[in-house]
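What follows is a single structure, written as structure tokens, with notes after it.
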Amino acid sequence: MNGIIGMNDLLLETELTAEQEEYADAVRSSGEALLALINDILDFSKIEAGKLEIESVDFELVDLVEETVALLAHKVSGCDLELLVEVDPAVPRYVRGDPTRLRQVLTNLIGNALKFTEKGEIHVTAELLSRGEGEEGSAVRFAVRDTGIGIPPEAQKKLFIKFSQADSSTTRKYGGTGLGLAICRQLARLMGGDVEVESTAGEGSTFSFTLPLREAESTPSSQRIAAPPAACFQDLLVFVIDDNRTNRTILRKGLEGVGCDVETAAGGEAGLAAIRRRLDSTRPFRFVLLDMMMPEMDGMETARVIQRERFDPSPVIIMISSIGNRPARAEIEEAGIAKWIAKPVRRKMLLAELGRWMGASGRPCSGVDVRPLLEKIGWRRESPPRILVAEDNPVNRKLAERLLAKLGLDAKVVDDGAEAVDACRAGEYDCILMDVQMPRMDGLEATGLIRREEVGREGHVPIIALTANAMKGDRERFLAAGMDDYVAKPIRRGEIVRALENVLSKTNRAARTV
Ligand code: ADP
């Protein structure tokens, strides 16, 4: 699957004719569907065999929920559908639990909502039901509400039975296996909750589950996007123009949560009038968050008027729209739009973006970083970082090579652990991507050898494990073997970038202190 999905992703980035792109895109979606199916079946057999264990690690809850939704956002593009996410600010930010399984249940429920909703809203929420100390933890309720086809009472009873669907025409029309909800329920139960459904045929459904989550013991450090500290936003005046009331409320709550003052309007005309009124006051709007799809006067049109009227001071316009509605870059620039953000809006991303523009609007603020990998970590050497890849599968080798080249890194690729050890003796590397399962010498053994040879010498080459079967305990096993991080296959660009950023920025810091 790594080969199919990864290579096809690379293919999609090349110059293709429209026809080729259509075919490659079909390969992508079929690949994703097949991967989902395989994972479902694997999960189910693990659950049935009593082999599925729930992890307990620290993670950032808000990020997890928002990212999960963001990953599915492309599915609503071009539809008459809003995908909204809202995390109650009272929910503890860092918790202890199983992020992978939580993400899986959410993904599944949101995936279903997307499948069975043609228009209206899908609203994903996380709210705090009760705050608990210590062992017992806080109760957090996660819910996915949709305005889709709904489920009649009779069918609701069968939903959680494996291989069953609401009615027999479902497979023909929507596909699927009837495994998703059965797995969700089992996973939720293993995590200490249960999945419940409320639904009215023809109106929509809400699937929800409540989990006990303890506060994290430490603060996880994987900050992918750094939002500026909340102090930066104190009293910042932000104006939201959006016709969807739920959206306005979410943006308002998210921004007020960090100290902004928020005003809203439900349409372009009303919005423009408010901006004009504000110009004469002592506090004009610094930022305008503009929804793209609005009746009567849409976001682009509104932006153009703001641009044309040359307001002074002119507000920074941030456009918010679904991915499919993104206009051409030239058009965005010409309308004076500073930034285009895809729905659903992730709070941290929005704050990071506001922070980035605050300097421009007279409020200096730091802590935001959206540059390419090497620039971001401030790579100090003239030559790019040297990465050694040990991987026995030829397709994966090629995939890793191309990905690293695209990131501006210098890669050397070898076939197994023994060769990796040899390569390490012969040259210096800034990082090793090490497949775990390889013939001759596997990744764990090779790592052990490399670490032993480092004893008495200066230095520590970071090793990132590449692994297909991330089972509970694997992480500990890899770390115990001397690895620094791990990335699950199929390899996704974002995951690799995160891991490389993590280890290379450490290398870089070490270099600085020498
Ligand atoms: P699958 O989606 O693979 O068919 P699931 O177990 O996830 O399997 O779902 C079982 C059935 O429950 C679906 O086939 C569908 O009939 C019904 N269902 C699940 N979620 C929704 C929803 N949000 N709206 C309407 N029907 C749903």
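Whatever order the structure lists ligands and atoms in, that order sets their numbers, starting from 1.
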Sub-4.0 Å atoms of ligand 1 with respect to non-hydrogen atoms of [X]:
| X | result |
| --- | --- |
| Leu159 | 11 (C), 12 (O), 17 (C) |
| Leu179 | 6 (O), 8 (O) |
| Gly180 | 5 (P), 6 (O), 7 (O), 8 (O) |
| Ala113 | 23 (N) |
| Phe207 | 20 (N), 21 (C), 22 (C), 23 (N) |

| message | So, regarding Leu181 and ligand 1 (criterion: nitrogen or oxygen to nitrogen or oxygen, under 3.5 Å), is there a contact or not? | response |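 So ligand 1 has an N or O lying under 3.5 Å from an N or O of Leu181.
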| field | Min N/O separation Lys115 to ligand 1 under 3.5 Å | value |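 Looking only at distances, the answer is yes, because the N/O contact criterion of under 3.5 Å is met.
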| field | Set of ring-ring contact (aromatic ring centres under 6.0 Å, His included) partners for Phe285, sequence neighbours left out | value | Phe239
| request: Please work out whether the ring planes of Phe478 and Tyr486 are parallel, tilted or perpendicular, with thresholds of 30° and 60°. | output: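 Perpendicular: the ring planes of Phe478 and Tyr486 meet at over 60°.
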| request: Flag the pair Leu190 / Asp98 as yes when at least one side-chain heavy-atom distance between them is below 4.5 Å, and no otherwise. | output: no
| In this structure, which one of Leu255, Val316, Val258 forms a side chain to side chain contact (heavy atoms under 4.5 Å, CB included) with Leu354? | Leu255
| Min heavy-atom dist Gly148 to ligand 1 below 4.0 Å | no
| Heavy-atom count around Glu48 CD within 6.0 Å, excluding the residue itself: above 12? | yes
| request: Carefully, step by step, assess Asp485 and Arg498 under the rule salt bridge (Lys or Arg N to Asp or Glu O under 4.0 Å). | output: CA-CA 10 Å; Asp485 201 342; Arg498 179 202 58 78; 3.3 Å; yes
